[in-house]
Structures are given as structure tokens and as C-alpha cells.
Amino acid sequence: MKRNDKVVIYHDPITKKRPEGEAILLNRLVQQFDQEYWAVRFMNGWVSSRWIKKKGD
């Protein structure tokens, strides 16, 4: 994942259940083995931070 990618945010990023909505990645804050913590901007303009499961996992 990289800055400005559009991703779907989930309430549970591991199982990808309960989608919260689409968001644009702003800044990666933490990188772990299978997840990354990003500052994101949702399509309605709201900015927050979310854990996102890395692609391919």
C-alpha cells in the first residue's frame, strides 16, 4: 500500500467483515507483519486512523 491509494476500510480488518467505507491513505503510522496503521481520509472528508490488512494476506 502507498500514499493516495483508495482502500475499503473494515471494522475488523483481519476478517474483512463489516465494511466501514472507502478511504484514501494519507500517512502510514505503523507497519507490522500483516497490518499497517494509516491516517486515512474517508470519502465524506472525515480524517481518522485505521488498521488495514496488507494486500495479499
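Here the structure is a predicted model, which means the values were calculated and not measured. FYI, side chains are in, hydrogens and waters are out, and symmetry mates aren't considered; it's all heavy atoms of this structure.
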Run through the side-chain heavy atoms of Ile, Leu, Val, Met, Phe, Trp and Tyr, join any pair under 4.5 Å, and report what else lands in [X]'s cluster.
X   : answer
V30 : L29, Y37, W51
V47 : L26
Y10 : V8
V40 : M1, V7, I9, L25, W38, F42, W46, I52

* Asked: Partners of D12 by salt bridge (Lys or Arg N to Asp or Glu O under 4.0 Å), sequence neighbours excluded?
  -> none
* To do: Return the set of residues passing salt bridge (Lys or Arg N to Asp or Glu O under 4.0 Å) with K17 (not counting sequence neighbours), or none when no residue passes.
  => none
Residues that [X] engages under side chain to side chain donor-acceptor pair (under 3.5 Å), provided they are two or more places apart:
X   : value
K6  : none
N27 : R3
E20 : R50

* With side chain to side chain contact (heavy atoms under 4.5 Å, CB included) as the test, would you mind laying out the steps for Q31 and K54 before giving the verdict? => CA-CA 10 Å; Q31 183 174 2; K54 290 183 182 179; 3.5 Å; yes
* **Pairwise salt bridge (charged side-chain N to carboxylate O under 4.0 Å, His left out) hits with a residue in residues 24-33, at least two apart** => R28-E36
* To do: Taking the side chain as every heavy atom from C-beta outward, state whether N4 and I24 have any atom pair closer than 4.5 Å.
  => yes
* **Heavy-atom pair with the smallest gap, counting every atom of K53 and I14** => NZ-O, 3.4 Å
